[in-house]
Amino acid sequence: MSGIKEWLTHWSQVIRGALIGIWAGVLPGVGATAGTWLAYGQAVATAKDKRNFGKGDHRGIVGPESSNNSVEAGDLIPTLLFGIPGGVPSAMLLGMLLTYGIQPGPAIVTEHLNLIYLIVWCFAIASILGAFLCFLATPSLAKLTKVPFAVLGAGLLVIMLLGAFQEGGQIGDLWIMIILGAVGWLMKATDTPRAPFLIGFVLAIPMERYYYLTDSLYDGLGWLTRPGVLVFLAVLIAPALWALVKRTRKSAPDLGHRGEEDLSHGEEDETEDGQLKDSIWPLGLALGVTLIFGTALAVSRSFSAEAQLMPRLVSIGGLITGLILLWKELRARRSIGDGPGWTHDVTIAMRMFAAMALFLVLVMLGGYLLAVALFVPAFLLFVARATPRTTIIYTLVLCAVLLTLPSILPVDLPTGLLQS
């Protein structure tokens, strides 16, 4: 009941999050990931007191979850009317419709109106039943929080890497996943926002496709004068200008009068997310970003005019951002100390990513099942400090699931050199 009360208290976040989710579903290729982060961003931007965001603020949960629940509803629009699925569930629905000879398109509303109503009502009923089942399962799911993360980590790693392998079927995808995990950890430790990186990563492919179409249809920058583009530019620029105005107003009063208040707020905002923000690591991250985008810009110059459209756009924007970050970090080094360069948390993170790399090496040599049989018990015994009984049961159940999974679902297990 306390959760329902919080939901009713922040009803405006529910509406805004739902609208953002529907819009994210309507746009092909955006999906729940980008929609959730966009809803979280608007919740932070519209909050007067932002100190509790990242620490369990209810507004940071209500808005994104409302968006997450409404994305699939919005995704029905391009799926049914244009045959363009925006995610895995809509792609499955589209496949089933085509299997029964039902062609998605504008005509589906008139020719199969009863089916449209059936889908809509099933979606609504499923949402209600899903919420009811979540209420029933919450006590059991909450018990997972009492399990040490090191124990859950071994199984989660196996499941995540297996899921990542299904998309392209390449071992290289798993190495990229671990590298991105290390980058994400470094961004978190240096208090660098990860949401823009994640949204850009998700929207990269559709952005490149539609940017190429835009450049082909219009001469030069004429597309910037289109009404729809101007509206979107206003939506993007207006919050930035408003934030600049608010920052200017905050810096206008006497700083001496606000000194103690700012100091106390700074202490409250100190979280583990920024444990390395006063160290040399943010400077290294800014330097790495600058070098990566600078190199990408130089390499893209050898592409054809059409192929270098997106790389040039992203490289120039990333290079400018990297130079700004580099300037800020070099300037900050004058006013604050370099801080801790290598902490215990860094050592633990390095060991974890080294363990993940070792697991992938075992996969490449002996295949996925053999790697799980060797890596999981070693991880549980030496890292999680689990008992031998727990280790044996855990490993046997995980191996049994991996053995039966390909016969139930279209899942492929990575093979190794020894198997080939």
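Excluded from the calculations below are hydrogen atoms, water molecules and symmetry mates; all remaining heavy atoms, backbone and side chain alike, are included.
- Interatomic distance, CD1 of Ile159 versus CG of Leu405, reported as 9.5 Å (0.5 Å rounding).
- Side-chain contact between Leu326 and Leu283 is present, with at least one heavy-atom pair separated by less than 4.5 Å.
- Two residues are said to be in side-chain contact when any heavy atoms from C-beta on lie closer than 4.5 Å; Val158 and Tyr368 meet this criterion.
- Residue Arg194 holds its CZ atom at 6.0 Å from CH2 of Trp37, rounded to the nearest 0.5 Å.
- His112 places none of its side-chain heavy atoms less than 4.5 Å from the side chain of Leu97.
- Using a 4.5 Å cut-off on side-chain heavy atoms (C-beta onward), Met356 and Leu360 make no contact.
- The CG atom of Leu180 sits 13.5 Å away from the CH2 atom of Trp175 when rounded to the nearest 0.5 Å.
- The CG atom of Leu285 sits 9.0 Å away from atom OG1 of Thr290, with the distance rounded to the nearest 0.5 Å.
- Taking 4.5 Å as the limit, some side-chain heavy atom of Asp412 sits within range of a side-chain heavy atom of Gln166.
- Checking side-chain atoms of Thr395 against main-chain N and O of Ile392 turns up no donor-acceptor pair under 3.5 Å.
- When side chains are defined from C-beta on, Trp281 counts as touching Val346, because their heavy atoms get closer than 4.5 Å.
- Checking side-chain atoms of Ser300 against main-chain N and O of Ala296 turns up a donor-acceptor pair under 3.5 Å.
- Remark: Leu319 CG to Leu297 CG distance equals 6.5 Å, nearest 0.5 Å.
- Between the side chain of Tyr218 and the main chain of Leu224, no donor-acceptor pair closer than 3.5 Å is present.
- Looking at Asn69, its side chain does come within 3.5 Å of a backbone N or O of Glu65 through a donor-acceptor pair.
- By the 30° and 60° cut-offs, the orientation of the rings of His10 relative to His58 is tilted.
- Classified by interplanar angle (parallel below 30°, tilted 30° to 60°, perpendicular above 60°), the ring pair Phe375/Phe359 is tilted.
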